Student: 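Take this structure first; my questions come after.
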Amino acid sequence: MNHYINYDIKPAATSPAPGDESKSVPLPQGWRCYKSPEGCRYYVNTGSKETTWKRPSATYGTPVRPPAQRNSLPEGNINLFSSSSSFPSSSPSDVSQKPLSLVSHSLEFISQLFCIQINCVTFPLPSVTPDQPEQQLLKPNEWSYCDYFWTDKKDPQGTPSVGGFEVLLQKQLKGKQMQKEMAEFVRERIKIEDEYSKNLSKLSQSPLAAQEEGTLGEAWAQLKRSCHDEAEVHLKFSNKLQCEVEKPLLTFRDNFKKELKKYDHHIIDLRKQLASRYAGVEKARKALADRQKDLEVKTQQLDIKHMNKHEEDIKKARRKSTQAGDDLMHNVDLYNRAQSKWFEEMVTTSLELERLEVERVEMIRQNLRQYTTLRHETDMFNQSTVEPVDQLLQSVDPAKDRELWVQEHKTGDLRPVDMDI
């Protein structure tokens, strides 16, 4: 099982070299002629993906192009390896003419041409071909988390870059902190209400001006009672704030924290697996390049050593190169699986974080509305406590008070007269 590199990116076909009469004959159907980065001409069967350094003759059969696979790029994609195709068999002299460094050199060329790896994640390069469609958003027009946090964010201050998921996580952690501070604010308001209630109750029992009499005395006594009633209102307000606002905020925050921790650890584990698979690919890629280099060296030594022994060395080197190619294919497959799993979990988790954020904001909004409702009720109850005071103050009558006081404390209504001689 040999391996090849297939350039299916529609480069311009090379023209026949002057004096090469065979090049004036059209290629068989399905074959194209290209030049390698080293300038060597090679031929590709676009249907079977077979490659050869020799110009194919009309004896080749008409190939059938296989259907495009799901998630593959349009024409312009590069297939690195194929276990179903191989280089055509060649004589040792043909082998010596092959630029075997093409494979190892082209691996990096292919990778740079169509994609880029950033922190072990593979991303497509934009505008690979004019007719290549751009990626579509998963949730267009929604500004969803799952569409905008795939790459890492570079810090302008020069600190290490932050992963997209980490940016999302920091947003959630900031929201959790804000929720905690809101709960602390409500707790402080509860303390103020408790203290205010105690002070009002204490003030309502003060003996100050207790000896005031008449209608004014009644109004004054009602005012002191209103302080006690108001103290009860604020105590109830404090208790409701604790049960209906502060406690829900704290309970939701604790559950929110558990959810974030679960998602954080899960995504981190998947990213570590992806990094491990990427390291495996790089290791296998290097091993393949070494095997190809070893094979190239052995073919270049064809005229130096004994023919039979050297052919055996070449076969052995080819087997090792093939095995290295298989290992690379296997590691690439493992990497792609790990990246697909990470991708799926990133989408699922980012949407879940989006849902949690919506729930958090909505929950806080409802609790703050409950706060304002309780506050309005408190104002209404406070108003009801002072209404009797207003009524009594409106009925205060100094003349009436004087009448009542005189009747109670009079000492006699006879006035003094002049003395007679």
Side-chain angles (χ1 to χ4, degrees), residues 1-9 34 36-38 40 42 44 49-53 69 72-73 77-90 92 94-125 270-302 304-305 309-342:
M1 184 186 301
N2 292 323
H3 303 280
Y4 70 93
I5 295 179
N6 173 28
Y7 294 85
D8 187 17
I9 55 176
Y34 302 113
S36 70
E38 287 81 0
C40 299
Y42 67 98
V44 178
K49 304 304 180 183
E50 181 181 358
T51 60
T52 178
W53 299 105
Q69 296 185 3
S72 62
L73 291 173
N77 192 17
I78 295 182
N79 298 321
L80 293 179
F81 301 99
S82 173
S83 58
S84 61
S85 302
S86 62
F87 289 117
S89 58
S90 305
D94 293 331
V95 173
S96 65
Q97 297 175 2
K98 293 181 181 180
L100 296 175
S101 60
L102 167 65
V103 178
S104 58
H105 292 169
S106 297
L107 290 174
E108 183 177 358
F109 167 76
I110 292 171
S111 178
Q112 293 177 353
L113 183 62
F114 285 99
C115 58
I116 185 174
Q117 282 77 35
I118 302 177
N119 290 343
C120 304
V121 180
T122 302
F123 297 98
L125 289 175
L270 290 175
R271 191 64 183 265
K272 287 180 179 178
Q273 293 177 18
L274 182 60
S276 176
R277 297 304 186 191
Y278 181 79
V281 169
E282 292 301 301
K283 183 178 179 181
R285 198 187 304 276
K286 183 179 183 302
L288 176 60
D290 291 342
R291 294 302 183 187
Q292 290 171 339
K293 184 177 180 180
D294 180 60
L295 178 59
E296 182 178 0
V297 170
K298 284 182 170 56
T299 56
Q300 291 174 352
Q301 296 174 348
L302 179 64
I304 302 176
K305 296 184 177 180
K309 184 178 184 303
H310 187 56
E311 287 183 354
E312 184 64 29
D313 291 341
I314 291 179
K315 290 180 180 179
K316 185 182 297 185
R318 279 179 178 168
R319 286 195 298 270
K320 291 182 178 180
S321 179
T322 299
Q323 182 60 47
D326 289 339
D327 290 342
L328 178 55
M329 289 176 59
H330 177 66
N331 279 277
V332 169
D333 181 60
L334 292 178
Y335 169 82
N336 287 335
R337 291 183 183 182
Q339 183 167 256
S340 296
K341 180 64 174 177
W342 174 76

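As the structure is a prediction and not an experimental result, all values here were calculated from the model. Residue numbers count from 1 along this sequence.
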Student: What is the distance from atom CD of Q292 to atom CD of E296, rounded to the nearest 0.5 Å?
Tutor: 9.0 Å

Student: Can we say E282 and R285 salt-bridge, meaning some charged N sits less than 4.0 Å from an Asp/Glu carboxylate O?
Tutor: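 Answer for the salt bridge query: yes.
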
Student: Nearest 0.5 Å, please: how far is NZ in K341 from CD in Q273?
Tutor: 9.0 Å

Student: Quick check: closest heavy atoms across L295 and A317, and the distance to 0.1 Å?
Tutor: CD1-CB, 3.6 Å

Student: Assess the residue pair T122 and Y335 against the criterion (side chain to side chain donor-acceptor pair (under 3.5 Å)); give the C-alpha distance rounded to whole Å, side-chain angles, the decisive distance to 0.1 Å, and a yes or no.
Tutor: CA-CA 10 Å; T122 302; Y335 169 82; 2.7 Å; yes

Student: Indicate yes or no for a side-chain donor-acceptor contact from S340 to the backbone of N336 under 3.5 Å, with no hydrogens or angles considered.
Tutor: yes

Student: Please round to the nearest 0.5 Å and tell me the distance separating atom CZ of R277 and atom CG of D333.
Tutor: 9.5 Å

Student: Working to the nearest 0.5 Å, report the span between CD of Q117 and CD of Q339.
Tutor: 8.5 Å

Student: Step by step, work out the side-chain contact (heavy atoms from CB on, under 4.5 Å) result for R271 and N119.
Tutor: CA-CA 10 Å; R271 191 64 183 265; N119 290 343; 3.5 Å; yes

Student: Tell me whether D294 contacts the main-chain N or O of D290 through its side chain, where contact means a donor paired with an acceptor under 3.5 Å.
Tutor: no

Student: For the CG atom of L288 and the CD atom of Q323, what is their distance to the nearest 0.5 Å?
Tutor: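 That separation rounds to 11.0 Å.
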
Student: As a quick check of understanding, evaluate side-chain contact (heavy atoms from CB on, under 4.5 Å) for W342 and V121, giving each step before the final call.
Tutor: CA-CA 10 Å; W342 174 76; V121 180; 3.8 Å; yes

Student: Quick check for you: to the nearest 0.5 Å, what is the distance between R291 atom CZ and L328 atom CG?
Tutor: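 Answer for the CZ-CG pair, R291 versus L328, is 13.5 Å.
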
